[in-house]
Number of protein chains: 2
Amino acid sequence: MRNGNPDLRVIRTKESIRHALVELIEEKGFEAITVKDLTTRAKINRGTFYAHYQDKFDLMMKCEEEIMLDMSRITKQNFPSVIAALKTDPLTETPFHLTVSIFEYLNGNSDFMKAVLGPKGDLSFQTRLKKFMWETLYGNNPNALAKEENFLVPGQYLGSFTGSAITGVIHQWLDSGRKESPQEMARILTTIMVNGPLFAAGLKK
Amino acid sequence: MRNGNPDLRVIRTKESIRHALVELIEEKGFEAITVKDLTTRAKINRGTFYAHYQDKFDLMMKCEEEIMLDMSRITKQNFPSVIAALKTDPLTETPFHLTVSIFEYLNGNSDFMKAVLGPKGDLSFQTRLKKFMWETLYGNNPNALAKEENFLVPGQYLGSFTGSAITGVIHQWLDSGRKESPQEMARILTTIMVNGPLFAAGLKK
DNA sequence: CGAAATAACAAACAACCTGTTGTTTATTAC
DNA sequence: GTAATAAACAACAGGTTGTTTGTTATTTCG
């Protein structure tokens with residue numbers, strides 16, 4: 001770094017480390033990874049790792065931060081009024097197109113996402129992702145949410161139900177090889193959300 | 001142990017270790033716990049720990065196994081035909097009473113459950129719990145599930161949606177202090193399942 | 001191009017955690 | 001009471017961490 005210009009060596013090193021991280025999470029799980037594992041796999045000196053990251057947790061945090069920022073950008077820039085659209089009509093095109101965009105983004109980052117959402121991944125990231133989905137759908141003020149009068153149940157349970165459900169579907173999609181297209185996944189998710197899981201299973205009416 | 005009689009010291013030691021485990025998961029997260037942490041907190045020698053468990057993963061596994069066995073027992077003994085009941089009428093009393101029983105059991109083991117489901121908990125246990133919820137509702141044969149003709153979406157996404165959603169609601173309940181009774185939680189969960197998350201939020205019709 | 005800046009390197013370190021060893025102590029059965 | 005059995009223990013070797021050293025290689029900019 002000099003005059004704000006990035007050093008090519010830094011970029012190469014960081015890319016190498018992050019690639020090693022994804023591989024190792026899938027192989028042995030995040031908790032079992034040692035810094036030595038990462039640097040051996042990335043073919044860099046162990047001291048170099050500590051020049052860029054405090055520890056493996058710091059590395060993980062910075063990778064996750066990038067994902068969350070991207071997802072926020074997609075949501076807020078392209079679809080500023082998802083909640084409004086949902087309130088007038090949940091079947092409108094806006095929420096559907098947002099869902100397609102999210103799945104398209106996940107498709108491009110599937111390696112990392114699959115690793116951190118998998119059984120050897122990072123639980124705190126799941127929690128953040130659930131909360132993101134919750135807030136994207138119902139807004140980011142849980143107190144206001146809980147006081148909505150036309151809710152049949154407390155808002156917090158609606159939020160946790162929905163956030164977890166969406167995250168669960170995303171994980172299932174990544175884990176089973178992304179056979180469905182983002183458009184198809186958006187249709188599936190919208191169908192369950194609108195009809196409810198029991199009706200979508202043919203168990204109702 | 002001799003002639004099947006339990007040694008009082010063993011019981012004391014194990015209880016002490018498990019109590020320390022719950023405390024430490026909430027404090028620093030499972031992955032950051034060392035065996036030394038556990039034994040210091042439990043006031044036992046580190047070698048003693050290895051006499052009972054292979055490592056911290058073995059300890060965790062045995063604690064989780066107990067929970068899963070209990071939940072299976074509750075489901076299978078008292079409600080052998082939840083799926084049949086759901087197919088005839090999801091609003092029947094059987095699924096509701098099963099839900100109450102599950103929440104009552106979770107209420108009695110809330111310390112451990114809250115710890116392992118929390119952001120510093122164990123992801124593989126969440127996966128097992130989701131699968132358990134999935135199978136309890138829709139049966140334990142994913143292939144048969146995917147081939148059901150009256151499904152509006154592929155069965156695997158219905159399963160992951162529902163399993164994750166229920167687990168998410170349970171976690172929210174544990175995390176926000178279990179203010180609602182098991183009966184009230186069963187009502188909330190049943191309401192969202194039957195009506196769907198959007199209708200339950202007043203966003204539909 | 002050449003000089004200055006900076007990243008990456010190997011090596012070494014004290015501190016810590018791990019899992020195993022052989023030994024001592026406590027409990028149980030006869 | 002005593003022998004058998006199992007739990008609890010202290011000490012050890014091996015590995016990881018995070019940091020530091022002086023040195024080399026690469027990149028940036030004038």
Side-chain angles (χ1 to χ4, degrees), chain A residues 1-64 66 115 120-122 124, chain B residues 1-64 66 115 120-122 124:
Chain A
M1 181 78 78
R2 197 169 157 186
N3 277 354
N5 293 322
D7 194 316
L8 292 177
R9 290 169 296 180
V10 178
I11 297 171
R12 252 187 281 123
T13 300
K14 286 193 173 180
E15 268 183 4
S16 188
I17 291 175
R18 294 190 178 205
H19 186 249
L21 174 66
V22 170
E23 278 187 6
L24 286 166
I25 286 176
E26 284 175 340
E27 284 175 26
K28 45 161 55 184
F30 177 72
E31 57 196 305
I33 295 175
T34 67
V35 174
K36 204 189 171 200
D37 288 336
L38 286 163
T39 55
T40 302
R41 183 70 60 102
K43 293 184 182 62
I44 59 156
N45 185 273
R46 206 161 56 84
T48 306
F49 177 91
Y50 288 105
H52 293 289
Y53 304 101
Q54 277 195 349
D55 48 32
K56 66 170 182 169
F57 300 99
D58 185 47
L59 164 67
M60 193 64 159
M61 199 191 63
K62 278 167 178 156
C63 290
E64 291 175 350
E66 225 169 71
K120 291 175 182 172
D122 180 10
S124 76
Chain B
M1 181 77 79
R2 197 168 159 186
N3 275 359
N5 292 324
D7 193 320
L8 291 179
R9 292 170 302 173
V10 178
I11 297 172
R12 248 186 288 124
T13 300
K14 286 194 174 180
E15 268 183 4
S16 188
I17 291 174
R18 294 191 179 204
H19 186 250
L21 174 66
V22 171
E23 278 187 6
L24 285 166
I25 287 176
E26 284 176 340
E27 282 174 30
K28 46 162 55 184
F30 178 71
E31 58 197 304
I33 294 175
T34 67
V35 174
K36 204 193 170 196
D37 288 335
L38 286 163
T39 54
T40 302
R41 183 69 60 102
K43 293 183 182 59
I44 57 155
N45 185 276
R46 206 164 53 82
T48 306
F49 177 92
Y50 290 105
H52 294 290
Y53 304 102
Q54 277 194 350
D55 47 32
K56 65 171 180 169
F57 300 99
D58 185 47
L59 164 65
M60 192 64 158
M61 198 192 63
K62 278 169 178 157
C63 290
E64 291 175 352
E66 225 169 71
K120 293 175 180 170
D122 179 10
S124 77

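The analysis underlying the following values was restricted to heavy atoms, covering all of them including side chains, and did not include hydrogens, waters or symmetry mates.
- D/dT17 atom P lies 10 Å from atom CZ of A/Phe57, rounded to whole Å.
- Where A/Lys36 and A/Gly47 each meet DNA chain D at their nearest nucleotide, the meeting point lying more 5' is that of A/Lys36.
- A straight line from CZ of A/Phe49 to P of C/dA10 spans 17 Å, rounded to a whole angstrom.
- Nucleic acid contact class of A/Arg12 (heavy atoms, under 4.0 Å, all strands): sugar-phosphate only.
- Looking at heavy-atom distances under 4.0 Å, A/Lys43 makes contact with sugar-phosphate atoms alone, never a base.
- Between the CG atom of A/Asp37 and the P atom of D/dT17 there is a distance of 8 Å, given to the nearest Å.
- Minimum heavy-atom separation, A/Ile25 to A/Ile33: N-CD1, 3.6 Å.
- Atom CG in B/Leu38 sits about 15 Å away from atom C1' in C/dG19, given to the nearest Å.
- Between A/Asn45 and A/Ile33, the residue whose closest nucleotide on DNA chain D is further toward the 5' end is A/Ile33.
- Two residues, B/Thr34 and A/Thr48, neighbour DNA chain C, and the one matched to the more 5' nucleotide by heavy-atom proximity is A/Thr48.
- Protein atom CD1 of B/Ile11 is 17 Å distant from nucleotide atom C1' of D/dA8, rounded to whole Å.
- Here the side chain of A/Lys120 pairs no donor or acceptor atom with the backbone of A/Ala32 at under 3.5 angstrom.
- What separates CD1 of B/Ile44 from C1' of D/dA6 is a distance of 15 Å, to the nearest Å.
- Between the P atom of C/dT18 and the OH atom of B/Tyr53 lies a distance of 17 Å, rounded to the nearest Å.
- Between A/Arg46 and B/Asp55, the one whose closest nucleotide on DNA chain C sits nearer the 5' end is A/Arg46.
- Taking side-chain N and O atoms only, A/Tyr50 has a distance below 4.0 Å to OP1 or OP2 of D/dG18.
- Contact annotation: A/Thr13 does not reach the phosphate of C/dA7 (side-chain N/O to OP1 or OP2, under 4.0 Å).
- Residue A/Arg9 places a side-chain atom within donor-acceptor reach of the base of C/dT6, judged by atom type and a 3.5 Å distance cut-off alone.
- Residue B/His52 comes nearest to B/Asp58 through the heavy atom pair O-OD2, 4.4 Å, listed as atom of the first residue, atom of the second, then distance.
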Show me the donor-acceptor pairs, under 3.5 Å and distance only, between side chains in residues 43-51 of chain A and residues at least two apart or in other chains.
residue: A/Asn45; atom: OD1; partner: A/Gly47; partner atom: N; Å: 2.7

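- Of all the heavy atoms in B/Ala20 and B/Leu38, the pair that sits closest is CB-O, 3.8 Å.
- Considering only side-chain atoms of A/Leu8, the nucleotide from D/dA7, C/dA8, D/dT28 that sits closest is D/dT28.
- Not one side-chain nitrogen or oxygen of A/His52 sits closer than 4.0 Å to the OP1 or OP2 atom of C/dA7.
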